[in-house]
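Both backbone and side-chain heavy atoms feed into the values below; hydrogens, waters and symmetry mates do not. Below, chains carry the letters A, B, ... as their sequence lines are ordered, and counting in each starts from 1.
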Number of protein chains: 2
Amino acid sequence: MLSPAFLSKLRGILPAHCVLHEREDLAPFESDGLAAYRNVPDVVALPENEAQVAAILRLCHAEKIAVVARGAGTGLAAGALPIDGAVLLVLTKLKRIKSLDPLARTAVVEPGVRNLAISEAAAAHGLYYAPDPSSQIACSIGGNVAENSGGVHCLKYGLTVHNILKLRAWTIDGQLLEIGSDALDAPGYDLLALLTGSEGMLAVITEVTVKLLPRPERAQVVLAAFDDVAQAGAAVGNIIAAGVVPAGLEMMDRLAIEAAEAFVHAGYPMAEALLLCEVDGVNEEVSDDIRTVHDVLAASGATEIRTADSEEQRLKFWAGRKAAFPAVGRLAPDYYCMDGTIPRAQLPHVLQRIREMSAEFGLRVANVFHAGDGNLHPLILYDVNRPGELDQAETFGGRILELCVEVGGTITGEHGVGLEKIRQMCTQFAAPELARFHAVKAAFDPAGLLNPGKAVPELHRCAEWGAMHVHGGQLPHPELPRF
Amino acid sequence: MLSPAFLSKLRGILPAHCVLHEREDLAPFESDGLAAYRNVPDVVALPENEAQVAAILRLCHAEKIAVVARGAGTGLAAGALPIDGAVLLVLTKLKRIKSLDPLARTAVVEPGVRNLAISEAAAAHGLYYAPDPSSQIACSIGGNVAENSGGVHCLKYGLTVHNILKLRAWTIDGQLLEIGSDALDAPGYDLLALLTGSEGMLAVITEVTVKLLPRPERAQVVLAAFDDVAQAGAAVGNIIAAGVVPAGLEMMDRLAIEAAEAFVHAGYPMAEALLLCEVDGVNEEVSDDIRTVHDVLAASGATEIRTADSEEQRLKFWAGRKAAFPAVGRLAPDYYCMDGTIPRAQLPHVLQRIREMSAEFGLRVANVFHAGDGNLHPLILYDVNRPGELDQAETFGGRILELCVEVGGTITGEHGVGLEKIRQMCTQFAAPELARFHAVKAAFDPAGLLNPGKAVPELHRCAEWGAMHVHGGQLPHPELPRF
């Protein structure tokens, strides 16, 4: 619990309407997009400018109060879950687009600016911001940087870290860090990449300079149906092996297809698996790639192949995919969206193992994911009111992540680790890497006040969980305790 | 000086032929590619396997002996300059290509493998490794990672950090770090990017997993002459603004053109500035881009435009550029190759200022550089035997780097900081960033044994030099003392 003395100091920094402490005002902030984790914050601070952010950090540093930074709260790994006795620092009021340079193709924005708002502002110049998480209408760029967010198009255009140039960030003791440059490279250790994906544990970002790209001359999408999931998985590898770099290469399995059809009637063919492959670029390049993709899909055993021949049809092809999560949400009271990444070659094997585990746990799974970059999003269906099902869903999810590591992949593609995956960090990394993570954390935040307990597990916790990874060794599969 | 006791322990780890300590054996290692900085090492260790590297690091850690890691020694910033009382750890004997996976498009190589050797090994599969420093025939991948090397093609294909997936690295206390993954992203702080460009100050790399790219279907180059350098600089921005992403966009000024012509007779037109713009990709895309580039160059005031219509001619166009450094080397007893990066829009202004400074210092400058990504390589001509000229050349070079910072650029594009640019780090960064760099260093190497004194200046040194950068303030131009 925060002391009245501290709260009054906080009110000394912020106007009254920027400090929330009444229970009903705090409730909306009890969780981010991963609603299975909830904790009502003690206080919410909503700074309106950079100076206030710095002052709050200095205050918290002086009083040894923890700080959890939060953007739009669309995160899916409980990275912004409030912590008792901490200030929830919500940056949504910092939402100015400070400048946009169409010639240099950059925009300087505050962390609270919505991802999509950047592309909307750039559209007048024929430019856009490439990373497009499915939450892009709501999620903020600050959160995108904190989690190194991706999206449908990151296969071709990269993750957030590949699409930003500079950051203004504040350390817990209120020092300004100006990181990166407008040029190609920056000297010194790469703090830009280090802060990107650091989940608010190293510094608090107050400004982001993003790269803007010219809108591609043309985009076209091909839809292919398969009567076998593994075949569809293999087709993904074949497309890449053919030398095409799709702008997006998405996969849905039968359960996801059925759900999407029932929800938005996209006109998808019923099948065991569906691939959506979009290519973009200059006209001839797109025609070329579409031909190649079509041939590869046919050779890979697609039972039906459709090519969108109008922008209207292209959007219809995407409608089902874009609505897949809410659509699947209608199949069960609750679903748990996983996020792991695997080498493409492992897709058939991993999809098969997920099917087997689904039977083993007695929980249905809908697969909707960025197949092109091996970024899986299995949706585990459960009912929180059925005793033990949440536990089962989480254990199942954990097993999927451990499977990703087992085949040479990682426990996150674009959602981050947060609190959700902190146990799987013990399987992903060995003690030396984890020790280095803690040392890097201490280099920025020696007192451990920024988002404590997230992203990087204490070594002893890994030992307790019996899940410590051994280089080159077997992965243990202990019954992991609930948090 | 290293004690006989230490040397005998070192000989206990390595076979006799892998420990060099005779003066004549040590001489070749007294400098890297920046010969203005020389220091004969006390001892050279040439491990033949990873276990020996780890054992040497453990020994040095136990005995508190500094370690300077070195690859092929082609670096241009004195990053591998030997330090008195330290072990020079030369990794050239670790030169196995351990595996190459054409489907996943990756290769796993040891640090001593030459940059070009990777592309040679991949050629059989129609693949290549994109980053191509001009030293690529000799430079090793370990050094490329240590300096985050670029090359002619990094405008389109990125720097080393964008073309590697995983690292095996050893901390000074002999712990193995396995960093990165075969998948799109890795959880935890981005240690892969942090180690890339860290100049051997955080860990010693013993294995690199690189990405391989399919050889482009076609590459074509356009040559354009300008009778005004600033016009050529503006043309560079116009090409990018037209939406073309050239595979390479190089610029040479009159002195460089004359030198190259006299040396290799590439048939270049005499002009104040020459642009070489290469585009690659699928056939139609290339034709499209070549048309666009041609139109933009004409509209930008090019006095002559030639398009290579055969592979033979393409190579001839490049011959002059590739030979430019040795060619300029024939104009004066010595030259000093600078490396700074600026926002493209600043090219005309910066080239003008360099001309003015050239007159001011009475030293000729040949400009040969990666114009597309704003990476300047001014070659300052001097004669080390003329009293004071080396000092003048270095002061001039320092001014050029400070100018780069002044216009929003950086003091390095692809050569790193090493010892050469350590003073300019004080203008590039303010105290908070430098303090964070030191903290990150301490997180990996608390005793400061890995390549001490390179890349990141002590704060008090910046104060002594009077060159401390003030956020948003003016840049001081003190007479910087010689090292």
Side-chain angles (χ1 to χ4, degrees), chain A residues 103-104 148 150 154 159 161 171 175-179 181-191 193-194 196-198 214 237 241 243 281-282 284-285 288 341-343 345 373-375 408-414 417 421 425 428-430 432-433 436-437 439-440 442-444 455-456 471, chain B residues 103-104 148 150 154 159 161 171 175-179 181-191 193-194 196-198 214 237 241 243 281-282 284-285 288 341-343 345 373-375 408-414 417 421 425 428-430 432-433 436-437 439-440 442-444 455-456 471:
Chain A
L103 188 61
N148 193 20
C154 60
L159 299 162
V161 70
T171 57
Q175 291 188 74
L176 172 64
L177 301 177
E178 295 187 60
I179 293 167
S181 84
D182 291 311
L184 176 75
D185 192 19
Y189 307 122
D190 190 347
L191 300 188
L194 190 65
T196 306
S198 64
V282 296
E284 298 83 350
E285 184 189 12
D288 244 40
T341 308
I342 59 171
D373 47 37
N375 187 187
T410 68
I411 61 173
T412 180
E414 54 185 5
V417 173
K421 298 166 176 170
M425 286 291 280
Q428 182 86 71
F429 295 105
E433 292 102 10
R436 225 48 57 194
F437 288 147
V440 167
F444 284 78
V456 184
H471 283 310
Chain B
L103 188 61
N148 193 20
C154 61
L159 299 162
V161 70
T171 56
Q175 289 189 76
L176 171 65
L177 301 178
E178 294 188 61
I179 293 167
S181 84
D182 292 309
L184 175 75
D185 191 20
Y189 306 123
D190 191 346
L191 300 188
L194 189 65
T196 306
S198 65
V282 296
E284 299 82 350
E285 184 187 12
D288 243 42
T341 307
I342 59 172
D373 47 37
N375 186 187
T410 69
I411 61 172
T412 180
E414 52 186 6
V417 173
K421 298 167 176 170
M425 287 290 280
Q428 181 85 73
F429 294 105
E433 291 104 10
R436 224 50 54 194
F437 287 147
V440 167
F444 284 77
V456 184
H471 282 309

Chain B interface, residue from [options] that has the most non-hydrogen pairs under 4.5 Å:
options	result
Ala455(A), Gly374(A), Gly413(A)	Gly413(A)
Ile179(A), Ile411(A), Val440(A)	Val440(A)
Ala186(A), Gly188(A), Gly409(A)	Gly188(A)

With a 4.5 angstrom heavy-atom cut-off, could you sort out which part of [X] is near chain B: side chain, backbone, both or neither?
X	answer
Leu191(A)	side chain
Asn375(A)	neither
Val417(A)	side chain

(Q) Checking the side chain of Glu433(B) only, and the main-chain atoms of Glu178(A) only, is there a donor and an acceptor separated by less than 3.5 Å? (A)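 Answer holds: yes.
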
Can you give me the closest heavy-atom contact between [X] and [Y], atom names plus distance?
X	Y	result
Ala193(B)	Ala193(A)	CB-CB, 3.3 Å
Ser181(B)	Gly408(A)	CB-O, 4.5 Å
Asp182(B)	Pro343(A)	CB-CG, 4.1 Å
Thr412(A)	Pro187(B)	CG2-CB, 3.5 Å

Q. Of the backbone (N, CA, C, O) and the side chain (C-beta and beyond), which part of Leu159(B) lies under 4.5 Å from a heavy atom of chain A, both, or neither?
A.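 Only the side chain of Leu159(B) comes within 4.5 Å of chain A.
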
Q | Toward chain A, the part of Ala241(B) with a non-hydrogen atom under 4.5 Å | A |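 Both backbone and side chain.
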
Mind ranking [options] by heavy-atom pairs under 4.5 Å with chain A and telling me who comes out on top?
options	result
Ile342(B), Leu103(B), Asp288(B)	Asp288(B)
Gly243(B), Ala439(B), Gly237(B)	Ala439(B)
Asn148(B), Asp373(B), Val456(B)	Asp373(B)

Q: Would you indicate whether the side-chain heavy atoms of Arg436(A) and Thr171(B) approach each other to under 4.5 Å?
A: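 Side-chain contact under 4.5 Å: yes.
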
Q: Starting at OH of Tyr189(B), measure out to OG1 of Thr196(A) and round the result to the nearest 0.5 Å.
A: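 Going from the OH atom of Tyr189(B) to the OG1 atom of Thr196(A) covers 13.0 Å.
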
